[in-house]
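These notes concern the structure reproduced below.
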Amino acid sequence: MAGAAVGDVTELGRYAVRLATGAAELVRSHPAGRSRIATKSTGTDLVTEVDRASERWLVEQITSDRPGDAVLGEEGGERTGTTGVRWVVDPIDGTVNFVLGIPAYAVSVAAEVAGAVVAGAVCNPVTGEVFHAVRGGGAFLGATRLGGPRDVALERAVIGTGFGYDAAMRERQGVVAAQVLPRVGDLRRIGSAALDLCAVAAGRLDGYFEAGLNPWDRAAGELIAQEAGCVVIGLRGGAPGPALVVASGTGLAPALTALLDALGADRVLA
Ligand code: IPD
């Protein structure tokens, strides 16, 4: 970590909240109904003018307030920096929900220092909820400290998951999901990985797993879940990553990861 410019993690956390709530305000004031929609990696991977405007606003703010910081954004906003801080931003996580008017989408902002996420904020523009955390400081929903999910056996646990935009990958994910379903209490597919991870932090889901996530989908949410006391891992003792992210309470983690391991849930990428 490179000195005072990057050292104030609390300030990075405050700034992450300011960015996420500011971009969420912009998203709230631009309904999807009036926005032009384009596709990206596949015909179901959507981007709207509002995603682009939200990311533009985020990058402009960072460039003007913290000109030496780097940025990585879902919609192509990428800037190198000199301070060792990188902002990883998703201007709308859950774009399909945004387009359909399902109120489960969010702006996600994370600050990395020397490659490790140290602060994050996730704001749902519809509910106004702001989840946030700094490394070592706990996780919060607004001012309320989060403590992760209840202690529950796998066969009663409600588990969130998500699916990619590639049809062949979704077929493999569907096979895994079909085998998970009878072994857990129920499954949810909410449609925003950032909110799924925050839902585990807040005890609204008992656990969550997904393959194929990008850094901007998961950076802030993973920190928030970890700071709420959750286990956030990959399989076979590995770190969470593109192959798989698993999040749950500590009691559920061994059974959930053993099940996902047996099903090869981290082997579904194209
Ligand atoms: C998507 C959402 C979705 C998840 C996908 C992500 P986007 O992000 O988080 O829940 O299942 O894997 O790509 O495209 O809406 O920013």
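The structure displayed is predicted, hence computed values, not measured ones. Whatever order the structure lists ligands and atoms in, that order sets their numbers, starting from 1.
Put simply, no part of F98 is less than 4.0 Å from ligand 1, judged by heavy atoms. Put simply, part of G94 is less than 4.0 Å from ligand 1, judged by heavy atoms. Residue G191 places a heavy atom less than 4.0 Å from ligand 1.
Judged purely by distance below 3.5 Å, without hydrogens or angles, the side chains of D51 and T95 pair a donor atom with an acceptor atom. Using modelled atom types, one finds a donor on one side chain and an acceptor on the other under 3.5 Å when comparing Y15 with D65.
Contact annotation: for R218 versus ligand 1, there are no heavy atoms closer than 4.0 Å. Counting heavy atoms under 4.0 Å from ligand 1, residue I92 touches it through the backbone alone. When non-hydrogen atoms are compared, ligand 1 lies under 4.0 Å from the side chain of L213 (C-beta onward) but not from its backbone. Contact annotation: for A193 versus ligand 1, heavy atoms closer than 4.0 Å belong to both the backbone and the side chain. At a 4.0 Å heavy-atom cut-off, ligand 1 touches F163 through the backbone alone.
Between D196 and ligand 1, no N or O atom pair is found at a separation short of 3.5 Å.
Remark: side-chain polar atoms of N214 are not paired, donor with acceptor, to backbone N or O of D217 under 3.5 angstrom. Distance alone, capped at 3.5 Å, is enough to place a donor-acceptor pair between the S192 side chain and the D93 backbone.
Between R52 and E75 there is no salt bridge, since none of the side-chain N atoms of the basic residue sits less than 4.0 Å from a carboxylate O of the acidic one. With respect to R86 and D69, no salt bridge is recorded, no charged nitrogen being found less than 4.0 Å from a carboxylate O.
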task: Kindly indicate, with the supporting measurements, whether the criterion side chain to side chain contact (heavy atoms under 4.5 Å, CB included) is fulfilled by V96 and D45.
output: CA-CA 8 Å; V96 173; D45 184 4; over 6 Å; no

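Heavy-atom contacts of R189 reach the following atoms of ligand 1: 3 (C), 4 (C), 10 (O), 11 (O) (cutoff under 4.0 Å).
The distance from atom CD1 of I92 to atom CZ of F98, rounded to the nearest 0.5 Å, is 4.0 Å.
The shortest contact between atom 12 (O) of ligand 1 and any protein heavy atom is with E210 OE2, 2.6 Å. In terms of protein heavy-atom proximity, atom 16 (O) of ligand 1 is nearest to E74 OE1, 3.0 Å. Among all protein heavy atoms, the one lying closest to atom 13 (O) of ligand 1 is Y165 CE1, 3.6 Å.
For atom 8 (O) of ligand 1, the nearest non-hydrogen atom from the set D93, L197, N214, T44 comes from D93.
Here the side chains of E227 and R135 are in contact, with some heavy-atom distance below 4.5 Å.
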